[in-house]
There are 2 protein chains.
Amino acid sequence: MNLTVAEENYIKSIYKLEEGAEAVTTTGLAYELDTKPASVTDMAKKLKEKKLIDYEKYQGINLTAEGKKAALHIIRRHRLWECFLVDKLAFSWEEVHELAEELEHVRSEKLIIRLSDFLGNPTIDPHGDPIPDAQGKLGKQRAQISLDQARTKRLEVTAVSDKSAALLEFLNAKGIRLGTQLEVIERYEFDNSIEIKIRNQPAFTISEQVSKNIMVRPL
Amino acid sequence: MNLTVAEENYIKSIYKLEEGAEAVTTTGLAYELDTKPASVTDMAKKLKEKKLIDYEKYQGINLTAEGKKAALHIIRRHRLWECFLVDKLAFSWEEVHELAEELEHVRSEKLIIRLSDFLGNPTIDPHGDPIPDAQGKLGKQRAQISLDQARTKRLEVTAVSDKSAALLEFLNAKGIRLGTQLEVIERYEFDNSIEIKIRNQPAFTISEQVSKNIMVRPL
DNA sequence: TAAAATGTTTAGATTTGTCTAACTTTTATT
DNA sequence: AATAAAAGTTAGACAAATCTAAACATTTTA
């Protein structure tokens with residue numbers, strides 16, 4: 001299956017939205033891809049033709065098995081390049097998403113296998129997301145929960161679900177990275193903000209916007 | 001200056017043909033890019049508009065100073081990726097050209113600077129070609145001469161000018177790589193073939209086709 | 001349940017890069 | 001120098017990916 005860059009981006013975004021359990025709507029996908037609903041409808045017809053998605057007029061979009069497999073291969077490439085950029089070229093986690101968006105479209109099975117070997121076949125990327133293997137299989141993911149939903153006091157950061165430079169820079173500034181251990185001091189119901197503390201540093205408060213995107217596991 | 005992938009490929013090919021001292025003709029460029037003369041004429045108008053080439057109807061194509069600078073940056077990216085593929089991912093020299101053709105179009109100054117650092121700021125690529133620096137400057141190139149024109153008996157291979165997998169695989173098979181020391185045993189005028197010997201191995205004959213593409217320096 | 005609001009699709013246009021076929025200019029040949 | 005051949009250009013078409021504006025379908029809400 002030979003996909004264009006645009007097709008690959010659609011497949012990846014559909015996969016992402018499907019994971020979030022929402023039905024994939026024309027508008028939602030347009031928003032995700034920063035394009036217009038009309039463009040999504042056009043592309044949906046093409047991807048249906050290629051049997052990568054199930055699509056009926058007005059009925060939303062879903063990946064077929066084949067589409068899912070394609071998505072996992074693209075995601076594998078993306079996450080391996082992110083590892084390369086952080087581990088080998090010393091980029092910080094907020095810089096790599098954009099670059100990996102471009103590198104991921106270089107299609108060579110051999111390149112990706114060698115890159116993975118070179119990196120020591122990593123299983124998670126710099127944001128804590130799991131890397132599919134060469135067959136497109138995702139290792140069973142540790143049960144993750146977002147910080148705003150966690151109900152224990154002591155937690156460890158396992159991933160970040162929003163990869164925007166803005167959020168990641170904020171987390172850098174606060175000293176929050178993968179593996180950081182947190183203690184929840186207080187939850188404020190009126191705005192769902194949370195007061196947290198890292199080690200012996202002074203406590204600080206983060207908004208629901210932020211805590212929703214921090215994935216944690218209980219300690 | 002923001003170039004499309006197609007524009008970058010044109011600029012790179014024009015640079016290559018200009019180096020070969022030939023005037024860059026519509027047909028020659030079409031052949032180099034595996035496209036049609038009509039397409040070249042179309043693109044020439046665009047590149048002239050962007051002031052990257054000098055072009056007048058029927059008068060051939062030449063890079064402007066700005067065009068040359070752009071070309072050198074693209075070539076820098078290409079050659080650095082080739083180094084990465086060979087040095088870090090253990091690809092052989094005949095495999096990397098194609099992959100680098102894709103990787104070179106990821107435009108990020110920072111990425112390329114870091115990649116270069118990571119590789120130890122190499123100055124020649126796996127085919128013996130010099131790598132332009134971050135300012136687009138080419139280190140003064142060692143005077144190179146092709147094997148078919150060399151007139152001394154003992155020579156060292158410094159570069160290969162044709163990067164096709166076919167030629168490079170042939171050279172692999174014969175044990176010819178960068179740095180290989182050769183002795184010319186005989187030159188046959190009727191077909192310009194050359195009999196050469198490596199170390200203590202048996203002599204063998206190569207065609208003019210091949211010897212034209214092996215760059216050497218006298219020992 | 002009918003009207004309004006929201007969401008989706010279609011139709012037609014645009015941009016980029018390409019092509020073929022016809023035409024023009026330049027170069028080579030007699 | 002006239003003409004033939006080669007090289008280069010133009011015109012018009014096409015595919016991919018996008019857009020706007022208008023039409024259509026579904027969902028919400030009053």
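All figures in this text were calculated on a predicted structure; none of them were measured in a lab. Order of the sequence lines sets the chain letters (A, B, ...), proteins ahead of strands, with each chain counted from 1. When reading the values below, keep in mind they use all heavy atoms of this one structure, side chains included, and skip hydrogens, waters and symmetry mates.
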Requested in this report: Could you give me the CA-CA distance, side-chain angles and deciding distance for Ser92(B) and Glu94(B), then say whether side-chain hydrogen bond (donor to acceptor under 3.5 Å, both in side chains) is met?
Outcome: CA-CA 6 Å; Ser92(B) 56; Glu94(B) 80 272 15; 3.0 Å; yes
Requested in this report: Would you please test Thr64(B) and Asp54(B) for side-chain hydrogen bond (donor to acceptor under 3.5 Å, both in side chains) and show each step?
Outcome: CA-CA 6 Å; Thr64(B) 60; Asp54(B) 291 320; 6.0 Å; no
Report task. Assess whether side chain to side chain contact (heavy atoms under 4.5 Å, CB included) is satisfied between Leu111(B) and Leu85(A), documenting all intermediate values. Result -> CA-CA 8 Å; Leu111(B) 170 60; Leu85(A) 294 169; 3.6 Å; yes
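An OP1 or OP2 oxygen of dT10(C) is reached within less than 4.0 angstrom by a side-chain nitrogen or oxygen of Lys45(A).
Using a cutoff of 4.0 Å between basic side-chain nitrogens and carboxylate oxygens, Lys12(B) and Glu104(B) are scored as salt-bridged. Using a 4.0 Å cut-off between charged side-chain N and carboxylate O, Glu102(A) and Arg107(B) make no salt bridge. Using a cut-off of 4.0 Å between Lys/Arg side-chain N and Asp/Glu carboxylate O, Arg77(A) and Glu101(A) are scored as not salt-bridged. The pair Lys50(B)-Glu7(B) meets the salt-bridge criterion, with a side-chain N (NZ, NE, NH1 or NH2) lying under 4.0 Å from an Asp/Glu carboxylate O.
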Find every protein N or O atom lying less than 3.5 Å from an N or O atom of nucleotides 23-26 of chain D, and list the pairs.
from, atom 1, to, atom 2, distance (Å)
dA25(D), O4', Tyr58(A), OH, 3.3

Query raised in the report: With Watson-Crick and G-U wobble geometry limited to distances under 3.5 Å, how should the secondary structure of DNA chain D be encoded in dot-bracket form, using | for bases paired to another strand and [ ] for crossing pairs?
Result: ||||||||||||||||||||||||||||||
Name every donor-acceptor pair, under 3.5 Å, that has one atom in a side chain of residues 118-130 of chain A and the other anywhere in the protein, sequence neighbours excluded.
from, atom 1, to, atom 2, distance (Å)
Asn121(A), OD1, Ser116(A), OG, 2.6
Asn121(A), ND2, Asp117(A), OD1, 3.2
Asp125(A), OD1, His127(A), N, 2.7
Asp125(A), OD1, Gly128(A), N, 3.0
Asp125(A), OD1, Asp129(A), N, 3.0
His127(A), ND1, Glu82(A), OE1, 3.1
His127(A), NE2, Trp93(A), O, 2.8
Asp129(A), OD2, Lys163(A), NZ, 2.7

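Applying the side-chain hydrogen bond (donor to acceptor under 3.5 Å, both in side chains) test to residues at least two apart or on different chains, none of the pairs has a partner in residues 67-76 of chain B.
Rounding to whole angstrom units, CD of residue Glu56(B) and C1' of dT26(C) are separated by 16 Å. A straight line from OH of Tyr31(A) to C1' of dT6(C) spans 17 Å, rounded to a whole angstrom.
With sequence neighbours excluded, the residues satisfying side chain to side chain contact (heavy atoms under 4.5 Å, CB included) with Asn192(B) are Glu208(B).
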**Report entry** Annotated protein contacts, base or backbone, on nucleotides 11-22 of chain D with a non-hydrogen cut-off under 4.0 Å, one of B, S, - each
**Finding:** -----SBBBB--
